[in-house]
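What follows is a short report on a single structure.
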Amino acid sequence: MQTIAAIADGFGSFQLDTIEVAPPKLDEVLVKMEASGICHTDHASLSWKRPLVMGHEGAGIVRETGTGVTHVKAGDRVVLNWCIPCNECFQCQRGDTVLCESSKPAHVMSPSRGHAHARGTLWRGTPIDRSFNIGTLAGLTLVRKEAVTVIPAEISFPAAAISGCGVMTGFGSVINIAKTQPGESVAVLGCGGVGLNIIQAAKVAGAKTIIAIDTNPAALERAQRFGATATLLPDAADKELRDVAEKVRQLTGGRGADYAFEASSRPDLAFVPLLLIRDGGMALQVSGINDRVTVPMPWFMWNKEYITPLYGGCQPARDFPKLFKHYRSGEIKLDELVTRTYSLAQLNQAIDDMMAGRNAKGVILFN
Ligand SMILES: [Zn+2]
Ligand SMILES: [Zn+2]
């Protein structure tokens, strides 16, 4: 079948062009895309040195399934997950499916699985990879069955699409990695798309103190609507956020927060969460910083833990239903995170708006 896709050239730009998508084989699912969120990874994927069907967070309707697929059927509404467990390898067997060894969560394709699927998508007569093996910025996507989870009828496609990446990253980091308990305290550095989801997940977890930190007053106001119990606006002169750390201590009984999350994407703040937590607390870096940064080792004292959780430790079959249960009960807001929707033809504008920070979240709609 032919469909239109956004194709990154690997050297900084993209074009809309026709791709040919094969029917699903045994363990595959063909999905008609309805919505695809845009995040910074999509911008980065423009420069991954090879042509690629873009997009890694989306939702749509199952069009066709292979004969080995039983958990979804044609007509089902589904969300896609970009960490695709194989459920067979060493890491999947020990329950850490985000570390699946045959479905690496980067743009690295596994020789056994990736290329089998790449053959399912042709561009100009040649196999082309899909971003994170899902490539959601296309009218149709062909994925392994482990990449789709059914969504409830009442959730909109844009809301479901964003759940597939930033929402799950924030939610899962709190629920699965920090395992925040009722009465505990949480500090969040950066209140954009991921930060807001950390805040609302912390509220769901019963955190008593949720401190939002951002240099943008509008972001702090939003953070309060999502459940922050206190907000801090750092002074421009406070480079290492020492004053902020002092205020966090005051707000947490003089000890520091139980957990502090870095969701600002600012390399200079990568280790600052260590200054915001108590001894034995946990610092989580969730914004995917790739730069080389230095840190004074005493910041790790005493017994502080530092972790960069991947995809919130998401196990799709377990965590999407959990997330949507909280959405249904009104504890998790999703629709409010979608600032603006675009057509695929407006992808350039959507990327521009994201890079300029104009949206909490932009979503491409297909029809
Ligand atoms: Zn993303
Ligand atoms: Zn695996």
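Keep in mind that what you see is a predicted model, and the values were worked out from it rather than measured. All values below come from the heavy atoms of this structure, side chains included, with hydrogens, waters and symmetry mates left out. Read the numbers this way: they start at 1 and go in the same order the structure lists the ligands and their atoms.
Taking 2.8 Å as the criterion, His40 does not count as a coordinating residue of the Zn ion (ligand 1), since none of its N, O or S atoms falls below it. Residue contact annotation: Glu57 places an N/O/S atom under 2.8 Å from the Zn ion (ligand 1).
Annotation: angle subtended at the Zn ion (ligand 1) by Cys165 SG and Cys39 SG is 150°, to 10°. To the nearest 10 degrees, the Zn ion (ligand 2) sees SG of Cys86 and SG of Cys100 at an angle of 100°. Geometry about the Zn ion (ligand 2) gives an angle of 110° between SG of Cys89 and SG of Cys92, rounded in steps of 10 degrees.
Nearest to the Zn ion (ligand 1), among the N, O or S atoms that His56 has, is NE2.
Taking the six-membered ring where the residue is Trp, Phe320 and Phe324 present parallel rings, their angle staying beneath 30° rather than reaching 60°.
In this structure, a donor-acceptor pair under 3.5 Å is absent between the side chains of Asp319 and Tyr311. Defined by atom type and a distance below 3.5 Å, a donor-acceptor pair is present between the side-chain atoms of Thr136 and Ser36.
Using a 4.0 Å cut-off between charged side-chain N and carboxylate O, Asp17 and Arg124 make a salt bridge.
Contact between Leu269 and Ser264 at its shortest, heavy atoms only, is CD1-OG, 3.7 Å.
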